[in-house]
Structure formats: C-alpha cells, structure tokens
Student: 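Could you have a look at this structure, given as structure tokens, before my questions?
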Amino acid sequence: MIDRDVAAMTTWDVGQLRAAVTVLDAVLDRLPAAHHRFDEVTRTVWSGAVWSGPTGLAAAGSLSRMSAVAHSAAGALEDSLGWLRRAVSAAAEAQEVACRAAEVAERLRHGKAAVTLGATGADGLDLAALSAQLEALQDRARQHAADASAAAAVAHETVPRLDAVADLAPTSWRGWTSGLPGRHLVEPPRMPTGAVPEDTAAWWSVMSPAQQLAAIARDPAAVGALAGVPAWARDRANRVLLAQAVAGGTGADADTATAIAHEIHDRETAGETVQLLELDVREGLVALAVGDLDTADSIALLVPGVGTDAVGDLDDLVEDVTAIGDAALSVDPHQSVAALAWLSYRPPNADVGALRTDAAEKGGRALDRTVNGIAASRSGAPARTTVVAHSYGTVATHWAAQQPGDLPVDNVVVIGSPGMPAAAAELEADQVYEASSLTDPVVLSDWHGIPTYVDGFGAVELPVDWDTGHSEYLDPDRPTLTAVGEVVAGVR
C-alpha cells in the first residue's frame with residue numbers, strides 16, 4: 001500500500017536532528033571568543049616575546065596559517081548550519097506528510113478489506129479517491145525528503161574536514177586546499193592586477209571571509225601590496241612577509257626587516273594597535289599605522305622629508321605621527337584616531353638629490369595610491385583624513401595631487417617646506433595649512449617654488465615658535481604640534 005521509503009520517513013527522529021543543530025549552534029557561538037584568544041597567542045608569538053629566533057618565527061608562521069584555516073572552518077560551519085537547518089525543516093515536512101500518507105494507506109487497506117468481506121457501509125468508500133490521495137501524499141513526502149537530502153549534501157560539502165588543520169605548515173596552496181571537500185567554495189576569485197583601488201575593494205567585498213583568508217594564505221605578497229584591500233588584511237599578509245624577511249634576509253634587507261619588527265613589537269608591547277599597511281623590504285619601504293585604519297574616525301598620515309629611512313628613522317617617524325594622534329585625542333577624546341607613518345617612498349639624501357623632483361614625483365604616485373586605497377577599502381563612513389607633510393615630503397604631496405582624480409583627503413598640512421611647485425589650491429584638499437619658521441634655512445631656500453608662508457600660496461598659517469628648527473615642528477613643547485592635532489580632530 002505505502003512505499004517502503006515513505007514508511008521509513010514516519011520513524012525519523014527529527015527531534016534528534018534539531019538537537020544536533022542546536023549543539024552546532026552553541027559551538028559556533030563559542031568560536032569568536034576562541035578565535036580571538038587564538039589570534040592573541042599568535043600575535044604574542046609573532047612579537048618574539050615568548051619565542052624568538054628562526055624557530056619562533058617558524059612557529060608564528062604556522063600559527064598564522066592555522067588561524068587562517070580556522071577562520072575558513074568557522075565560515076564554512078556557519079554556511080553549513082544554514083543548509084542543515086533547511087535539511088531539518090525539509091525532513092520535518094517529509095515526516096509530517098509521510099504520517100498523513102500512512103493514515104490514508106491504513107484507511108484504504110481497511111476499505112478494501114471491507115469491500116472484500118461485503119461489510120455494511122463499504123459501498124460508501126471512494127477507494128479511487130483514497131488511492132489518488134495516497135499517491136499525491138507520497139509524492140510530496142518524497143520531494144521533501146529529496147530537498148532534505150540535497151540540503152544535507154551541501155552542508156556536508158561546505159564544511160572542510162577537520163584533518164585540514166593537521167598539517168600546520170603546508171608548503172603550497174595546493175597543500176592547503178587538497179584536504180577540503182568543498183574547496184571550490186573557499187577558493188577566492190581571480191586576484192586583480194593593476195586595478196584601481198575602487199575595483200580592488202569591490203573584488204575583496206564580494207568574497208566570503210573564508211575566501212578572503214584563503215587569498216591571504218595563497219599569496220600574501222600580492223594581497224599586502226593591493227591598495228583597496230582593508231588594512232587588517234594587508235597587515236596580516238605583510239606580517240607573513242616580514243617574518244620571512246627577518247628569518248631569511250641578509251644585509252640591508254635584514255636590517256630593514258628587523259627595524260620594522262622591533263617597532264611593531266615595542267608598540268604592541270605598549271598595548272597599541274599596529275597595522276603594517278605597506279611593506280617592501282628590498283626597497284626599504286614601509287607604512288606603519290598605530291590605530292585601526294579601517295574604523296578610525298580620523299586618520300593622520302605623516303610624509304617625511306630628505307634623509308629618512310626605515311632603519312634609522314622609523315621609530316622617530318612613528319613617534320611623531322603618534323604624537324599628532326595624541327594631540328588630536330587631547331582636544332576630542334570621543335573620536336578614534338589612526339596615525340600612519342608613511343615611508344613608502346625613498347626621499348633623497350640631504351645633497352644635490354634634494355634639489356631634484358624625481359623622487360617626489362615617484363613618491364607622489366605612491367602617496368596617491370595609498371590614500372585612495374584607504375578611502376576605497378573602508379566599508380563604513382569615510383575617515384577625516386589629514387596628510388601632514390614635512391620638508392621634501394611637501395613636494396611629494398604636491399605630486400600626489402597631480403595624479404588623475406581627486407586626492408581623497410580633507411586637510412593637508414605642510415611643515416618646513418622648501419617651497420611648493422604650485423599654490424595650495426592645487427593640493428585638492430578642503431583646507432591647506434602651513435607651518436614655517438623663518439629661522440629654518442630650508443623654508444628660506446625656496447628650492448621648489450612658492451614659499452608656503454606667503455599670502456600668495458593660500459594656506460592657513462599655524463602657530464610656530466620663532467626659533468623652531470627644521471626638525472622641531474612636532475616637538476611636544478612646540479605650539480605647532482597642538483595646532484596640527486586640532487586640524488586632525490576637525491576643531492580648527
């Protein structure tokens with residue numbers, strides 16, 4: 001009378017299925033706290049505070065890769081739970097319809113027996129209608145069961161096997177994905193090359209968290225260099241490269257990597273949030289932020305001048321831009337500030353190279369890409385962004401504004417400038433400020449054009465002590481630092 005498979009549906013323990021989903025829900029709820037702790041341990045090992053040297057760095061790299069797999073597993077589990085809920089719902093529907101089919105089958109069986117025995121009232125039974133109803137109910141039960149099976153299959157394929165984390169240090173991307181039955185769901189889409197930051201941001205935003213972490217694990221060098229990718233992801237990718245450079249670099253590369261690693265360690269030991277936004281150890285380039293560039297209300301970006309390099313000057317550069325951020329917080333403690341020490345260009349030495357503009361033009365292109373990348377990558381409200389340029393860095397900032405499209409900054413502050421190739425209006429900022437000491441020989445040189453302190457330049461003058469030296473504008477006892485903080489905070 002009733003199909004064997006439909007009859008089996010009536011005995012399914014749907015309650016047990018729901019209980020299993022509830023357990024998995026509880027596991028998923030606990031994962032964020034567990035993963036946060038995992039990342040804390042990973043950062044501690046990265047810092048070298050508990051395990052230093054090549055072995056410690058290797059362990060840190062393994063932890064970082066394992067963390068990426070854990071991220072992927074968490075995302076896959078969340079997706080899988082969605083499909084499991086659909087499977088349980090469809091199974092419950094199948095069982096309900098199967099039970100109704102069983103009732104109709106039982107009525108049909110008794111009706112046929114009554115007709116055979118000639119029982120009174122049997123002639124009133126519509127056996128044909130009961131048979132049709134039974135077939136319709138069985139068809140519906142089978143369809144719900146098929147839906148449940150399909151959903152369960154997708155749920156199974158979505159979750160990577162637990163043994164995917166057994167190999168803590170795979171040597172290739174193939175090694176990462178070979179153990180994942182649903183690896184096509186983790187594989188990120190093709191990475192853009194040469195794309196503008198807005199296109200890169202769009203590519204990143206359509207990926208799942210698992211795919212984003214997979215992209216970092218597969219090619220950290222490419223992700224770390226992509227303007228338009230959020231700072232948290234570029235930081236994660238660039239730290240992998242930094243660890244490799246510290247462990248295997250030689251000569252100048254090792255010196256640069258070590259200086260950057262020490263600065264990160266010192267800042268994080270002091271409890272500060274640090275993001276390694278940009279890194280090119282071979283070229284000696286770095287952009288290091290104190291604060292969260294992805295969420296900060298205000299961003300201060302400091303562009304240094306001649307003779308600045310990562311090995312000898314990164315700590316001072318970070319100190320200066322952090323002082324600017326602190327000054328901004330002192331006038332508005334309710335906002336959040338990220339301070340970016342930007343050394344993603346090679347300033348010339350204090351010689352004849354300082355008279356040329358080739359380094360400034362190259363630096364301007366890099367600076368334009370950095371600020372456009374930050375603006376494009378933020379998913380929330382745009383940050384109030386202030387570029388603070390010192391000395392030759394003011395010339396690089398001019399060239400940034402000459403690149404195609406508008407420079408997405410609110411303020412530009414030029415300090416100790418050797419003159420600018422064009423007036424303040426060419427900087428494309430909502431407001432331009434300047435700080436010049438007439439005892440600063442660089443300010444008086446006019447090497448690169450219009451003096452910024454004259455009315456014809458068109459900038460708002462900031463307070464400066466008359467005896468301020470070329471490298472003293474941002475000293476804590478100078479009024480210029482407080483004024484720049486007010487600009488960053490938006491109160492000036």
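The first residue of the sequence shown is numbered 1, and numbering continues consecutively from there.
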Student: Looking at K362 and E283, is any side-chain nitrogen of the basic one under 4.0 Å from a carboxylate oxygen of the acidic one?
Tutor: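 So E283 does not pair with K362 through a salt bridge.
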
Student: To the nearest 0.5 Å, tell me how far L343 CG sits from D280 CG.
Tutor: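 Taking CG in L343 and CG in D280, the distance rounds to 11.5 Å.
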
Student: E472: which residues meet the salt bridge (Lys or Arg N to Asp or Glu O under 4.0 Å) condition with it, sequence neighbours left out?
Tutor: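 By the salt bridge (Lys or Arg N to Asp or Glu O under 4.0 Å) rule, E472 matches R478.
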
Student: Between atom CZ of F457 and atom CD of E434, what is the distance when rounded to the nearest 0.5 Å?
Tutor: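 Rounded to the nearest 0.5 Å, the CZ-CD separation comes out at 7.5 Å.
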
Student: Consider only side-chain N and O atoms of T468 and S437, and report whether a donor and an acceptor are under 3.5 Å apart.
Tutor: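 Side-chain D/A pair, T468 to S437: absent.
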
Student: Are more than 12 heavy atoms, taken from residues, nucleotides or ligands other than R346, located less than 6.0 Å from that residue's CZ atom?
Tutor: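 Result for CZ/R346: open.
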
Student: In terms of ring plane angle, is the pair Y392 and Y345 parallel, tilted or perpendicular, where the classes change at 30° and 60°?
Tutor: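 Answer is parallel, since the angle falls under 30°.
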
Student: Quick one: pull up CG in D253 and OG1 in T258 and give me the separation to the nearest 0.5 Å.
Tutor: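 The CG atom of D253 sits 10.5 Å away from the OG1 atom of T258.
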
Student: Do other residues, nucleotides or ligands put more than 12 heavy atoms under 6.0 Å from D455 CG?
Tutor: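 No, the 6.0 Å shell around CG holds no more than 12 heavy atoms from other groups.
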
Student: Inspect the surroundings of NE2 in H470 and state if more than 12 heavy atoms from other residues, nucleotides or ligands are less than 6.0 Å away.
Tutor: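 Yes - once you tally the heavy atoms of other residues, nucleotides and ligands closer than 6.0 Å, there are more than 12.
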
Student: With sequence neighbours excluded, what pairs up with R356 under the salt bridge (Lys or Arg N to Asp or Glu O under 4.0 Å) test?
Tutor: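 In terms of salt bridge (Lys or Arg N to Asp or Glu O under 4.0 Å), with neighbours along the sequence ignored, R356 is linked to D358.
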
Student: Using every non-hydrogen atom in the two residues, find where S436 and V464 come nearest and quote the distance to one decimal.
Tutor: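 The pair with the smallest heavy-atom distance is N-CG2, 3.8 Å.
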
Student: Identify, with sequence neighbours excluded, every residue that meets ring pair (Phe, Tyr, Trp, His ring centres under 6.0 Å) alongside H398.
Tutor: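 Expected list: none.
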
